[in-house]
J.: 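Would you mind keeping the following structure in view while I ask a few things?
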Amino acid sequence: MTFSKVVTILASWLVVSIAGAAITSTSSLSHDICHGLEYPKFTVLNKTADWELRHYGPTKWVSTNTTAMFRDDVTSQLFSLLFRYISKENAAHTKIDMTAPVATKIIHGQGPNYESELIMHFMLPFAYWDSPIAPTNPAVTIQEWPAMDIYVRSFGGFAKEADYMDNLAKLSEDLTGSNFSFEDAFFFTAGYDGPYTFVNRHNEVWIQKK
Ligand SMILES: *[C@@H]1O[C@H](CO)[C@@H](O)[C@H](O)[C@H]1NC(C)=O
Ligand SMILES: *[C@@H]1O[C@H](CO)[C@@H](O)[C@H](O)[C@H]1NC(C)=O
Ligand SMILES: *[C@@H]1O[C@H](CO)[C@@H](O)[C@H](O)[C@H]1NC(C)=O
């Protein structure tokens with residue numbers, strides 16, 4: 001499936017590029033964006049006014065998945081399974097700190113009737129990377145991601161499905177316009193705030209570089 005077809009399909013769910021100097025620097029997100037929580041470290045490889053290209057090293061996550069037509073229909077169900085894992089529903093009966101962001105991989109058209117597969121992830125705190133505590137719920141698994149380069153577009157507000165799709169479309173348009181190659185079978189949403197943050201909310205869409 002081509003990306004433009006995907007965007008067309010996504011249009012049924014809802015549904016500019018500025019030259020930038022190449023930079024390489026170890027980067028960090030502000031304490032405010034991450035609320036002082038641990039988050040995966042990255043290096044910025046390129047940046048324009050509209051997006052940045054980040055290099056992430058290998059990372060470890062706890063995850064759970066489902067299939068759905070609409071992301072907003074299943075996010076609270078997925079979130080609560082992961083929240084139970086960090087709230088002692090794990091083999092060591094240990095409370096595990098929350099991290100940022102909540103990253104959801106969305107694979108287009110994997111389910112029946114072109115439903116998407118949604119895989120929600122909380123990053124494991126660094127202290128657990130060497131020996132992650134096993135989940136007790138079989139719907140919850142530990143995942144290791146290899147290093148990857150990700151194009152990121154950031155936006156504010158209370159992000160609903162339509163906002164993620166709108167920003168995904170803009171990011172893919174920018175990358176296509178620059179002839180950058182990227183994975184078009186899936187993308188990620190990354191949310192940094194709980195429901196009780198009312199100002200300076202930060203959301204991202206991620207597209208993996210090919
Ligand atoms: C960085 O992005 C700009 C804008 O699209 C592009 O012209 C440039 O080639 C990119 N540089 C690298 C190193 O990818
Ligand atoms: C969740 O992921 C597992 C492993 O990839 C897969 O076997 C299962 O079918 C998925 N469940 C749903 C509901 O997509
Ligand atoms: C992208 O590739 C097309 C076809 O090869 C070319 O015509 C166009 O000039 C390229 N655009 C950029 C921004 O490099």
Side-chain angles (χ1 to χ4, degrees), residues 1-4 6-7 9-10 13 16-27 42-56 59-85 89 102-124 132 134-154 161 167-189 204-210:
M1 195 165 7
T2 67
F3 198 80
S4 54
V6 165
V7 170
I9 289 169
L10 295 172
W13 289 26
V16 205
S17 188
I18 293 169
I23 53 165
T24 302
S25 60
T26 302
S27 202
F42 58 87
T43 301
V44 176
L45 302 176
N46 200 355
K47 195 177 170 65
T48 71
D50 297 314
W51 52 260
E52 68 183 19
L53 175 62
R54 295 180 185 161
H55 172 76
Y56 284 97
T59 42
K60 288 223 177 146
W61 307 75
V62 57
S63 82
T64 188
N65 64 324
T66 191
T67 54
M69 197 63 85
F70 299 106
R71 177 186 176 280
D72 288 355
D73 289 347
V74 294
T75 46
S76 54
Q77 160 205 331
L78 294 173
F79 186 93
S80 84
L81 278 173
L82 297 181
F83 195 77
R84 276 156 52 186
Y85 168 82
E89 194 181 285
V102 175
T104 305
K105 182 175 183 174
I106 301 180
I107 310 173
H108 306 295
Q110 288 298 286
N113 306 316
Y114 295 105
E115 286 183 337
S116 295
E117 180 173 3
L118 294 97
I119 312 156
M120 185 180 281
H121 305 78
F122 292 179
M123 189 189 78
L124 290 178
T136 48
N137 187 329
V140 176
T141 57
I142 302 296
Q143 303 271 331
E144 179 162 6
W145 290 1
M148 54 190 188
D149 293 347
I150 304 274
Y151 291 103
V152 178
R153 182 182 168 96
S154 300
E161 184 140 15
N167 281 277
L168 175 68
K170 286 176 177 148
L171 178 56
S172 71
E173 219 171 88
D174 286 349
L175 301 179
T176 304
S178 297
N179 285 345
F180 292 141
S181 53
F182 55 88
E183 294 289 350
D184 60 8
F186 59 85
F187 72 104
F188 299 86
T189 64
E204 296 170 347
V205 284
W206 294 356
I207 293 180
Q208 191 171 338
K209 183 175 184 254
K210 244 186 189 158

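Note that ligands are numbered from 1 as they come in the structure, with each ligand's atoms numbered from 1 the same way.
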J.: Which atoms of ligand 2 are found less than 4.0 Å from any heavy atom of Thr67?
T.: 13 (C), 14 (O)
J.: Keeping Glu183 on the side-chain end and Gln208 on the backbone end, is there a donor-acceptor pair under 3.5 Å?
T.: no
J.: Do any N/O atoms on Asn179 end up under 3.5 angstrom from N/O atoms on ligand 3?
T.: yes
J.: To the nearest 0.5 angstrom, please state how far the CG atom of Leu171 sits from the OG1 atom of Thr176.
T.: 9.0 Å
J.: Parallel, tilted or perpendicular: which describes the rings of Phe186 and Phe188, with under 30° parallel and over 60° perpendicular?
T.: perpendicular
J.: How about atom 7 (O) of ligand 3: does it have a protein heavy atom within less than 4.0 Å?
T.: no
J.: With the threshold set strictly below 4.0 angstrom, can you tell me whether any protein non-hydrogen atom sits that near atom 14 (O) of ligand 3?
T.: yes
J.: For Pro135, run the side chain to side chain contact (heavy atoms under 4.5 Å, CB included) check against Leu81, Val140, Leu82, Thr64 and tell me which one passes.
T.: Val140
J.: Which label fits His108 and Phe187: parallel for a plane angle under 30°, tilted from 30 to 60°, or perpendicular past 60°?
T.: parallel
J.: Ignoring hydrogens and geometry, is there a side-chain-to-backbone donor-acceptor pair from Asp72 to Glu161 under 3.5 Å?
T.: yes
J.: Could you list which atoms of ligand 1 come closer than 4.0 Å to a heavy atom of Trp51?
T.: 2 (O), 5 (O)
J.: Protein heavy atoms: any of them under 4.0 Å from atom 10 (C) of ligand 2?
T.: yes
J.: Short N/O distance, under 3.5 Å, between Thr48 and ligand 1?
T.: no
J.: Under 4.0 Å from atom 2 (O) of ligand 3, do we find at least one protein heavy atom?
T.: yes
J.: Should Asn65 be counted as touching ligand 2, given the test is an N or O pair under 3.5 Å?
T.: yes
J.: Distance check, rounded to the nearest 0.5 Å: Phe182 atom CZ versus Tyr151 atom OH?
T.: 9.0 Å
